[in-house]
Amino acid sequence: NAGVTQTPKFRVLKTGQSMTLLCAQDMNHEYMYWYRQDPGMGLRLIHYSVGEGTTAKGEVPDGYNVSRLKKQNFLLGLESAAPSQTSVYFCASSYLGRVIYEQYFGPGTRLTVT
Amino acid sequence: AQSVTQLGSHVSVSEGALVLLRCNYSSSVPPYLFWYVQYPNQGLQLLLKYTTGATLVKGINGFEAEFKKSETSFHLTKPSAHMSDAAEYFCAVSPRTSNSGGSNYKLTFGKGTLLTVNP
């Protein structure tokens, strides 16, 4: 049981390049989330999904797109990377059921945009 | 809208000393409350959570937290710090009700407190 995994772990992009971050979970969780973490800012929600085929905007969605074609995967895309998107990105998932929505986190992807 | 305030972005203690990390929330209805820990270059790991019942909650690694409704607080404590406790700690909340159709699965995080333990 791997939990939540993220690919890649590190990436360096040039301004204007695109990339996709992959998140996978093997816990059969309904809900999945993408956060970014910046020094002194805590974690901020980018996008989230409440089930396969559904996505919604979080607190800081601009410049990002997401897709949830399969229940176990949640992809985060950057169409045209900007230096302001230099950050550590975390994926998380949680189960649908009782109202105690504990989230399980992946190890993170460190992205640098030059 | 909910908010979470962690007092002190950096707390430094000596090994063996008491650890106290402060968290206050702003919500008309007491939310679900969580503390997460992040070790260097790792993801977040749940330390403990309060949902209902006993207001003193025990978590992993000897940490505990007490929910105080009158003070809208959920401070994290550990009687005796260990070098391995050095990490960043995040308080988080999620709403207890879902009047708007199911937003109680979203967490709002504080900005984090970096704990340093000195030998």
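Computed from a prediction, not measured in an experiment: that's the story for all the values here. Order of the sequence lines fixes the chain letters, A, B, ..., with proteins taken first and strands second; residue numbering starts at 1 for each chain.
B:L48 belongs to a hydrophobic cluster with B:V4, B:V11, B:V13, B:V19, B:L21, B:Y25, B:L33, B:W35, B:V37, B:Y39, B:L47, B:Y50, B:V57, B:I60, B:F63, B:F67, B:F74, B:L76, B:M83, B:Y89, B:V93, B:L115, B:V117, counting contacts under 4.5 Å between side-chain heavy atoms of Ile, Leu, Val, Met, Phe, Trp and Tyr, direct or through other members.
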Decide yes or no on side chain to side chain contact (heavy atoms under 4.5 Å, CB included) for A:M41 and B:F109, but give the supporting numbers first. CA-CA 9 Å; A:M41 301 291 288; B:F109 285 87; over 6 Å; no
Can B:L44 and A:L43 be said to form a side chain to side chain contact (heavy atoms under 4.5 Å, CB included), step by step? CA-CA 10 Å; B:L44 278 72; A:L43 275 78; 4.1 Å; yes
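A:L75 and A:V60 fall into different hydrophobic clusters, where Ile, Leu, Val, Met, Phe, Trp and Tyr residues are linked whenever their side-chain heavy atoms come under 4.5 Å apart, directly or through other members. A:Y35 and A:M19 fall into different hydrophobic clusters, where Ile, Leu, Val, Met, Phe, Trp and Tyr are joined by side-chain heavy atoms under 4.5 Å apart, directly or via other members. No single ILVMFWY cluster, assembled from side-chain heavy atoms under 4.5 Å apart, contains both A:L21 and A:Y48. Taken together through direct or relayed side-chain contacts under 4.5 Å among Ile, Leu, Val, Met, Phe, Trp and Tyr, A:L45 and A:V66 form parts of separate hydrophobic clusters. Residue A:W34 is grouped with residue A:L78 when hydrophobic side chains (ILVMFWY) are merged at heavy-atom distances under 4.5 angstrom, including chains of intermediate members.
With a threshold of 4.5 angstrom between heavy atoms, A:Q37 approaches chain B through side-chain atoms but not through N, CA, C or O. In this structure, the portion of B:E88 lying under 4.5 Å from any heavy atom of chain A is its side chain and not its backbone. For B:Q6, no part sits under 4.5 Å from any heavy atom of chain A, backbone or side chain. Contacts between B:L46 and chain A at a heavy-atom distance below 4.5 Å involve the side chain alone, from C-beta outward.
In this structure, OG1 on B:T108 lies 13.5 Å from CZ on A:R44, to the nearest 0.5 angstrom. Taking CD of B:Q38 as the start and CZ of A:F90 as the end, the distance is 4.5 Å to the nearest 0.5 Å. Between B:K106 atom NZ and A:Y33 atom OH the span is 9.5 Å, to the nearest 0.5 Å.
Residues of residues 105-114 of chain A that come within less than 4.5 angstrom of chain B, heavy atom to heavy atom, are A:F105, A:G106, A:P107, A:R110 in numerical order.
A donor-acceptor pair under 3.5 Å links the side-chain atoms of B:Y36 to the main chain of A:Q103, judged by distance alone.
In A:E59, the CD atom is crowded: over 12 heavy atoms of neighbouring residues, nucleotides or ligands sit closer than 6.0 Å.
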